[in-house]
Amino acid sequence: MASRLRRRKRSPWAVTLLLLFILIGLIYAVVRVYFRAPDQKTADSSVMIQRVNGPVISEDLSEEEAEALRSHYERKPEFWTILVSGADDGHGGSDTNILVALDVANGHVFGASIARDTKAQVNGENCKINFAYNSGGMELMAQTVSDQLGIPVDYTVLVNLKAFQALVDTIGGVDFYIPIDMDYEDPYQDLSIHFSKGMRHLTGAEALKVVRFREGYASQDIGRMHTQQEFLKAVAKQLMTPANMDKLGDFCKIFVDYVKTDLTVGNLFWMGTAVAGMGTENIEFATLPGEWKSPYIYLNQEEVLAMVNEHLNPYTEDRTAEDLNILT
């Protein structure tokens, strides 16, 4: 009787284990390729300017001088600068500008608010810094900030103010202490702001009015920025509560609808995970130091340089006064 060759059957457990290993490999590949840290910008970035991004090594320099110049522009690991700007109510300017330094290596986030009345030079003309956005969008805004502070802006994030309102509503509103009585009417912008000083639970629409109010502060925009910083801290604290950590889908929709950035979704996920692990006590805000003398805020070069080197500098070496371009 002819013998029959019997086909050997794979064990179901072996097949399951093989599929599991394949799945783990795919997940690992996706995480490594898609959900990854952003690149640090190099000299060919259109958002950067050569002076603050990297040295142009002249053939006339000695070997020692060239190496010293390269060292002056050596980057810290896992350190990025991100310019976050809030588009205004449709009149063309950037209402809020914050340069964020994300230092993952040391577990710290620092946001420096830049007053929109800060004196700057745009296209060769002296003007308020937020005119850079009117004139050339986020690219020119980032170049202008880089030129003043002597450091690169790695990435930009432009947020429509509707995103702010939607975010506050999504996390259930925010408890916030309003620092002064606020009363303001502007029919042109369809803006009506009326709040009494004190603690209040704010909806998204109410929060937007509070952070936009500036007329009642003695220092105008500087006072407003301080309120914005305190409110952002309250939002961050509320975001990290267990009830809001499960609203990823809602946050993604807000991002898609209202945010423009040159960071990928994978970059943002990686950075968001890193920040969530730091805790709110390691998130700090301040304002670029300066003095209001109508019609501009003039930055204090010595104090700005100290802030840059302590919190914002992505290079291993300290910046010098010659690296900055502060207008007087």
Side-chain angles (χ1 to χ4, degrees), residues 34-42 44-49 53 80-102 109 111-116 118 120 122-123 128-149 151-171 189 204-205 207-208 211-212 225 228-229 231-232 235-236 239 247-275 285 312 314:
Y34 190 68
F35 298 109
R36 64 183 180 86
D39 297 325
Q40 291 177 327
K41 288 298 179 73
T42 54
D44 60 356
S45 168
S46 61
V47 177
M48 312 280 295
I49 54 176
N53 183 65
W80 296 270
T81 55
I82 305 158
L83 180 62
V84 181
S85 295
D88 73 356
D89 56 356
H91 298 289
S94 55
D95 193 63
T96 299
N97 299 287
I98 302 174
L99 183 62
V100 177
L102 175 59
V109 177
S113 294
I114 304 168
R116 64 183 186 179
T118 298
V122 179
N123 297 327
K128 297 179 179 181
I129 199 168
N130 72 329
F131 179 72
Y133 177 79
N134 300 63
S135 184
M138 288 302 290
E139 181 175 337
L140 185 55
M141 189 72 196
Q143 284 185 5
T144 304
V145 172
S146 291
D147 183 48
Q148 281 205 326
L149 302 185
I151 55 176
V153 172
D154 290 323
Y155 295 95
T156 62
V157 178
L158 179 63
V159 182
N160 187 297
L161 290 182
K162 292 179 181 177
F164 178 85
Q165 181 174 329
L167 175 62
V168 172
D169 284 335
T170 299
I171 63 177
Q189 298 188 62
L208 187 55
V211 299
R212 292 187 65 189
M225 286 189 299
Q228 290 175 345
Q229 292 163 7
F231 191 81
L232 286 174
V235 169
L239 264 173
K247 297 179 180 178
L248 181 60
D250 295 324
F251 299 146
C252 286
K253 186 178 187 309
I254 293 171
F255 174 81
V256 170
D257 290 344
Y258 299 118
V259 177
K260 294 180 180 179
T261 180
D262 49 359
L263 288 159
T264 69
V265 174
N267 292 157
L268 289 165
F269 182 86
W270 185 92
M271 296 164 79
T273 302
V275 172
F285 290 96
L312 300 169

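Using modelled atom types, no side-chain atom of Ser135 and backbone atom of Phe131 make a donor-acceptor pair closer than 3.5 Å. In this structure, Tyr155 contributes its side chain and Asp39 its backbone to a donor-acceptor pair below 3.5 Å. Judged purely by atom type and a 3.5 angstrom limit, Asp169 uses its side chain to pair as donor or acceptor with the backbone of Gly204.
Below 30°, between 30° and 60°, or above 60°: for Phe231 and Phe164 the angle between ring planes is between 30° and 60°, a tilted geometry.
Contact record, Met138 with Leu83: CE-O, 3.8 Å, taken as the closest heavy-atom pair. Scanning both residues, Ile151 and Pro314, for their nearest heavy atoms gives CG2-CD, 3.7 Å. Contact detail for Asn130 and Arg116: the closest heavy-atom pair is OD1-O, 3.3 Å. Among all heavy-atom pairs drawn from Ala120 and Thr144, the shortest one is CB-CG2, 3.9 Å. Considering every non-hydrogen atom in both Ser85 and Asn97, the closest pair reads OG-OD1, 2.6 Å. When all heavy atoms of Pro38 and Trp80 are compared, the pair lying nearest together is O-NE1, 3.0 Å.
To the nearest 0.5 angstrom, Asn160 atom CG is 10.0 Å from Asp257 atom CG. Note that CD of Gln143 is 11.5 Å distant from OG1 of Thr156, once rounded to the nearest 0.5 Å. Note that CD1 of Ile82 and CE of Met271 are 3.0 Å apart. Values are rounded to the nearest 0.5 Å. Atom SG of residue Cys252 and atom NZ of residue Lys247 lie 14.0 Å apart, to the nearest 0.5 angstrom. Annotation: the span from Gln148 atom CD to Leu99 atom CG amounts to 11.5 Å, rounded to 0.5 Å.
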Exercise for the section: Starting from the C-alpha separation in whole Å, work towards a yes-or-no answer on side-chain contact (heavy atoms from CB on, under 4.5 Å) for Leu167 and Tyr258. Expected result: CA-CA 11 Å; Leu167 175 62; Tyr258 299 118; over 6 Å; no
Problem - From CA spacing to verdict: side-chain contact (heavy atoms from CB on, under 4.5 Å), Thr264, Trp270 - result: CA-CA 10 Å; Thr264 69; Trp270 185 92; over 6 Å; no
Practice task
Could you give me the CA-CA distance, side-chain angles and deciding distance for Asn134 and Val122, then say whether side-chain contact (heavy atoms from CB on, under 4.5 Å) is met?
Solution key: CA-CA 10 Å; Asn134 300 63; Val122 179; over 6 Å; no
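Taking the side chain as every heavy atom from C-beta outward, Met225 and Ile114 never approach each other to under 4.5 Å. In this structure, the side chains of Val211 and Thr96 stay at 4.5 Å or more apart for every pair of heavy atoms. With a 4.5 Å cut-off on side-chain heavy atoms, Thr81 and Leu312 do not count as touching. Residues Asn123 and Leu140 are in side-chain contact: their nearest non-hydrogen atoms beyond the backbone lie under 4.5 Å apart.
With sequence neighbours left out, Phe285 forms a ring-ring contact (aromatic ring centres under 6.0 Å, His included) with no residue at all. Remark: Asp250 engages no residue in a salt bridge (Lys or Arg N to Asp or Glu O under 4.0 Å) (not counting sequence neighbours).
Within a 6.0 Å radius of NZ in Lys162, no more than 12 heavy atoms belonging to other residues, nucleotides or ligands are found.
Judged purely by distance below 3.5 Å, without hydrogens or angles, the side chains of Ser113 and Gln228 never pair a donor atom with an acceptor atom.
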